[in-house]
Amino acid sequence: MTVILRTVAELRAVVRGWKAEGHVVGVVPTMGALHEGHLSLARRAKAECGRVITTIFVNPMQFNNPDDLKKYPRTEEADAALLNWVGVEVIFAPAPDEVYPPGFVSKVTVGGVSGPLEGTLRPGHFEGVATVVAKLFGMSQADRAYFGQKDWQQLQVVQRLVADLNMAVTVVGCETVRDPDGLAMSSRNLRLTAEGRRRAPALYAAMLAAARDVRSGVPEAQAMARATAAVLAEGFDSVEYIALRDAETLEAVTDPDRPLRMLAAAWIDDVRLIDNIAV
Ligand code: AMP
């Protein structure tokens, strides 16, 4: 039976016991409203670790938009049932005060990869992510941590953070899980209208087409413009970016022989969707 813990002290005590027994400890950080994407991370963690913690914490520090924070879905009971089914040992679901007690003033800033794309459009977002991830690693003392490629730039930020600060945790990046029509699973998909949900897969379809264009020699700017036009024609309200970038630094492509990634953010139904694919 999955146990729900609320305090860092309780979590530490449990993990201390596990480590004394020689278990490898895995952590899966989430903001809840769990779907198959999250569960794929938890299953991978279960397969590779003796004991698994899933954290559920809607981190106020990483929301640059108060309305988005307020509207973020919270479904803890259903989440706990799913994690119990997957066999996760512990859910760590602290209150905001437990994570950010009065007097809290420290922040973790990751340079470089935090700058472009989401970094520019969501000021402070990656500082919030890096801070809470560093804290969750400190709280959980996990050996392995599981993140989704769905949030590609976030995954690069976390990998940079762990390397730069010599954190003793192995970061595992897991494939994006999609609905059968191609839409990347996301807790925010719950906020789409039926019509928006029907149109939303156009983003992934346009990215796949643009990747084919790029591979067949269409100039990058033209391929991205075509994808943007296609997404808008399918009823998206706006496109923040569809961009081809260096997969690791997220900078503009200067060396096409390095791994590349196409990343996108677009709005439909007042919901901001992001996605990315290998090119
Ligand atoms: P979130 O709850 O949105 O913060 O996501 C928690 C973790 O689940 C992050 O590492 C995400 O990248 C990952 N994740 C979210 N959606 C998916 C998905 N569709 N496929 C794989 N991983 C995902």
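Just so we're clear, the structure is a prediction, and the values are computed from it rather than from any experiment. In listed order, ligands and their atoms are each counted from 1.
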Glu195, CD: over 12 other non-hydrogen atoms inside 6.0 angstrom: yes

Whether over 12 other heavy atoms sit under 6.0 Å from Arg261 CZ: yes

Any idea which protein heavy atom is nearest [atom], and the distance to it?
| atom | value |
| --- | --- |
| atom 23 (C) of ligand 1 | Lys150 CB, 3.9 Å |
| atom 20 (N) of ligand 1 | Val177 N, 2.8 Å |
| atom 12 (O) of ligand 1 | Asp151 OD2, 2.6 Å |
| atom 4 (O) of ligand 1 | Met31 CG, 3.6 Å |
| atom 16 (N) of ligand 1 | His35 CE1, 3.3 Å |

Ligand 1 atoms in contact with [X] (distance to a heavy atom under 4.0 Å):
| X | value |
| --- | --- |
| Tyr72 | 3 (O) |
| Phe147 | 10 (O) |
| Leu41 | 7 (C), 8 (O), 10 (O), 13 (C), 22 (N) |
| Pro29 | 6 (C), 7 (C) |
| Met185 | 16 (N), 17 (C), 18 (C), 19 (N) |

CZ on Phe92 to CD1 on Ile53, rounded to 0.5 Å: 9.0 Å

Ile274 side chain near Glu240 side chain, heavy-atom distance below 4.5 Å: no

Met224 side chain near Tyr241 side chain, heavy-atom distance below 4.5 Å: no

Pair Tyr100, Asn59: side-chain N/O donor-acceptor within cut-off below 3.5 Å: yes

Flag for Glu127-Thr109: side-chain donor and acceptor within less than 3.5 Å: yes

Ring centers of Phe63, Tyr72 separated by less than 6.0 Å: yes

Shortest heavy-atom approach to atom 13 (C) of ligand 1 - which of Gly148, Cys174, Ser186: Gly148

Nearest-option assignment for atom 21 (C) of ligand 1, heavy atoms, candidates Glu175, His38, Arg44: Glu175

